[in-house]
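Data first, discussion second: the structure below is written as C-alpha cells.
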Amino acid sequence: MKLIPRPQYIDKIAGLINRGMMLILVGQRRVGKSKVLELFKDWLKENRPGANVVYINKEYQEFREIATAEQLYDYVTGRFPEGGDNYLLIDEVQDIDNYENALRSFQAEDRCQIIATGSNAYIFSSELGTRLSGRYIEIKIYNLSYLEFLRFHEMEDSDKALLHYLQIGGLPGLFAFKPEEYSQITDYLEGVYNTVLVKDIVSREKIRNVSQLENIIRFIADNIGKPVSPTNISRYLTAKGERISEETVSNYLRYLSDAFLVIPVKRFDIHGKLLLESNNKLYFSDHGIRNFLCGSIDNIRGSIEKVMENAVCNHLRRQGFEVTAGILRAGEIDFVATKTDTRIYVQVAYLLASEDTVKREFGNLAAIKDNYPKYVVSLDPVSGESDEYPGIKHIRLREFLKKSF
C-alpha cells in the first residue's frame, strides 16, 4: 500500500531524536500510528544513510520469535554496534512480554534511539508513566486534517470536499472508498468503533453492562459542544429507566478518554484565568465516528454546527494548542486555544443568518479585552472584518481548516 506523507509528524519526530528520550506514538486506533512509524523509517533511510535501523512490527510473522524482553534485547543488541547511529522502531510493542525491561536497558546503555507504538488496549499514558518512568515523550497522532484529507482522497478544495470531510471524518483508511460509497464507509466506521469499544474499553476494563456504556457514548455524540457532567448523564439515563451511579459514569468517561475515543475540553474562566474542573465539554477524536453513532453520515444537516465545532477543536489540537471552553460573565466562547505565549479565541456558528446570532458570536468576543486574535468561523459565503466589531475576523470554515496558527 502506498504511504502518503504526513510531514508534520515526521518533522516532529526528527526534531526530538537523539535527545536521550524514547518516543512513543499514541492516538485513537486507525489514525495511522503504524504508517507514521513506516514513514519515519523511510525518512531515516533518506536522511541518515549511515544509520543502523532495526524495524520490528509484531503483526508480521517474521518477528514471531521475539516474544519476551530477553529475546528483544538479544535480537537488537546483535544488530547494533556500540556507539553507532542506532534506531529501534517497534510497532505493537505491547506484544512483547515485559517489553519495558528491554527498553529501559537500551536507554540506560545509550544503545539506540527508541521509537515505538502500542495498542491502546495495553498501553495508555498512565501505564507508560509507570513502566518507563519519565524516560519518554508522547507524540500524539490525530486523524486527518482537512488538507491531509484532500491529499489522501486526491480531491480539490471545494465546498463539496468540505462537506464530505464533515460527513465521513478523517480516518486515513477511508482513502480506499469512493465519496458516494456511504454504506461501505459506514461499515468501516462501525468496525473501527467496535474495535475501540471491545478491545480498548470493554475487555480491558472488564465492563459487563455494555449497553449502558454505549448509551453514554451516544448521549455524548448527541451533546457535543454542551457542558456535561457525571451528574447530568446519570440523571438523564435514570430518567430513561437505566439507573447508573455518578461514579460509574465518571469511570466510563475516563475509559473513553483513555482510549482517545472522546476528548474532554475543560472550561476556562477568562476573567478569573482559572480552569474549572466540572462540566467539561466532550468531543470526538474523529467526527466521522460521531456521525456514525448518530445514525447517518450522509445527512448531517441537523447537527452541522456540532460537527463544525468538533472539526475546529481538533484542528486546534493538531497544532499543539491546549483547547478549553471560555466562560464569560455574560456568555461563552466556544474555544480558547493556548500554546506557550500564543492564544486565540474562536466562535463557531453554522450561519450568521440573524442579527441576534451576529451579536452573540461577535459580542462575546468583543467582551474580551485583550489583543489576542479572535475569530468567528461559519459557513457563510462572505467573510472578512466588520466595522462594527473591529479586530474580530470572520472566516469561512474551509479557510480556517487550512490555516496554521
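Remark: Val210 engages Leu197, Val202, Glu214 in a side-chain contact (heavy atoms from CB on, under 4.5 Å) (not counting sequence neighbours). Contacts of Glu38 classified as salt bridge (charged side-chain N to carboxylate O under 4.0 Å, His left out), with partners at least two apart in sequence or in another chain: Lys35. In this structure Glu305 satisfies the salt bridge (charged side-chain N to carboxylate O under 4.0 Å, His left out) test with no other residue, sequence neighbours excluded. For Pro172, the side-chain contact (heavy atoms from CB on, under 4.5 Å) test picks out Arg6, Leu144, Phe152, with sequence neighbours left out. Judged as a side-chain contact (heavy atoms from CB on, under 4.5 Å), and not counting sequence neighbours, the contacts of Asp11 are Pro7. Under the rule for a side-chain contact (heavy atoms from CB on, under 4.5 Å), the partners of Lys403 that lie at least two apart in sequence or sit in another chain are Tyr375, Ile395, Phe405. Partners of Tyr99 under the ring pair (Phe, Tyr, Trp, His ring centres under 6.0 Å) rule, at least two apart in sequence or in another chain, do not exist in this structure. The salt bridge (charged side-chain N to carboxylate O under 4.0 Å, His left out) check on Lys266 picks up Glu277, with sequence neighbours excluded. Every residue two or more places apart in sequence or in another chain that forms a salt bridge (charged side-chain N to carboxylate O under 4.0 Å, His left out) with Arg396 is listed here: Asp159.
Not one N or O on the side chain of Lys393 forms a donor-acceptor pair closer than 3.5 Å with the backbone of Gly384. Listed for the Thr238 side chain is no donor-acceptor partner under 3.5 Å among the backbone atoms of Arg243. At least one donor-acceptor pair closer than 3.5 Å links the side chain of Gln113 to the backbone N or O of Met21.
No hydrogens or angles considered: a donor-acceptor pair under 3.5 Å links the side chains of Asp298 and Ser296. Tyr389 and Asp387 share no side-chain donor-acceptor pair at under 3.5 Å. Side chain to side chain, Thr186 and Ser183 fail the donor-acceptor criterion of an N or O pair below 3.5 Å.
Closest of all the heavy-atom pairs between Leu328 and Ala367 is CD1-CB, 4.4 Å. Contact record, Glu332 with Lys281: OE1-NZ, 3.9 Å, taken as the closest heavy-atom pair. The two residues Tyr146 and Ala161 have their closest heavy-atom pair at OH-CB, 3.9 Å. When every heavy atom of Ile263 is checked against every heavy atom of Ser285, the shortest pair comes out as CD1-OG, 3.3 Å.
At a threshold of 4.5 Å between non-hydrogen side-chain atoms, the residues Thr77 and Arg111 count as touching. Counting heavy atoms from C-beta outward, Leu351 and Thr357 have side chains that stay 4.5 Å or more apart. In this structure, the side chains of Ser229 and Asn232 come closer than 4.5 Å at one or more pairs of heavy atoms. Using a 4.5 Å cut-off on side-chain heavy atoms (C-beta onward), Asp157 and Lys402 make contact.
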Next item on the list: Walk me through it: do Phe106 and Tyr73 pass the test ring pair (Phe, Tyr, Trp, His ring centres under 6.0 Å)?
Entry: CA-CA 8 Å; Phe106 295 144; Tyr73 184 85; 5.4 Å; yes

Notebook entry, point to check: Given Phe335 and Tyr283, is the ring pair (Phe, Tyr, Trp, His ring centres under 6.0 Å) satisfied, shown in steps?
Noted result: CA-CA 12 Å; Phe335 300 116; Tyr283 295 91; 5.6 Å; yes

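Note on residues 317-328: no pairs pass salt bridge (charged side-chain N to carboxylate O under 4.0 Å, His left out), not counting sequence neighbours. Judged as a salt bridge (charged side-chain N to carboxylate O under 4.0 Å, His left out), the pairs with a partner in residues 369-383 (not counting sequence neighbours) are, in order, Asp370-Lys374. For residues 89-106, the pairs satisfying salt bridge (charged side-chain N to carboxylate O under 4.0 Å, His left out) are Glu100-Arg131, with sequence neighbours left out.
Ring-plane geometry between Phe149 and His153 is classed as tilted, the angle between the planes lying from 30 to 60 degrees on a 0 to 90 degree scale.
A salt bridge is absent between Arg64 and Glu62; no separation between the charged side-chain nitrogens and carboxylate oxygens falls under 4.0 Å.
Paired with Phe284 under the rule side chain to side chain contact (heavy atoms under 4.5 Å, CB included), one option of Val307, Asn310, Asn291 passes, and it is Asn310. When each of Ile289, Ile185, Leu166 is checked for a side chain to side chain contact (heavy atoms under 4.5 Å, CB included) with Ile297, only Ile185 meets the rule.
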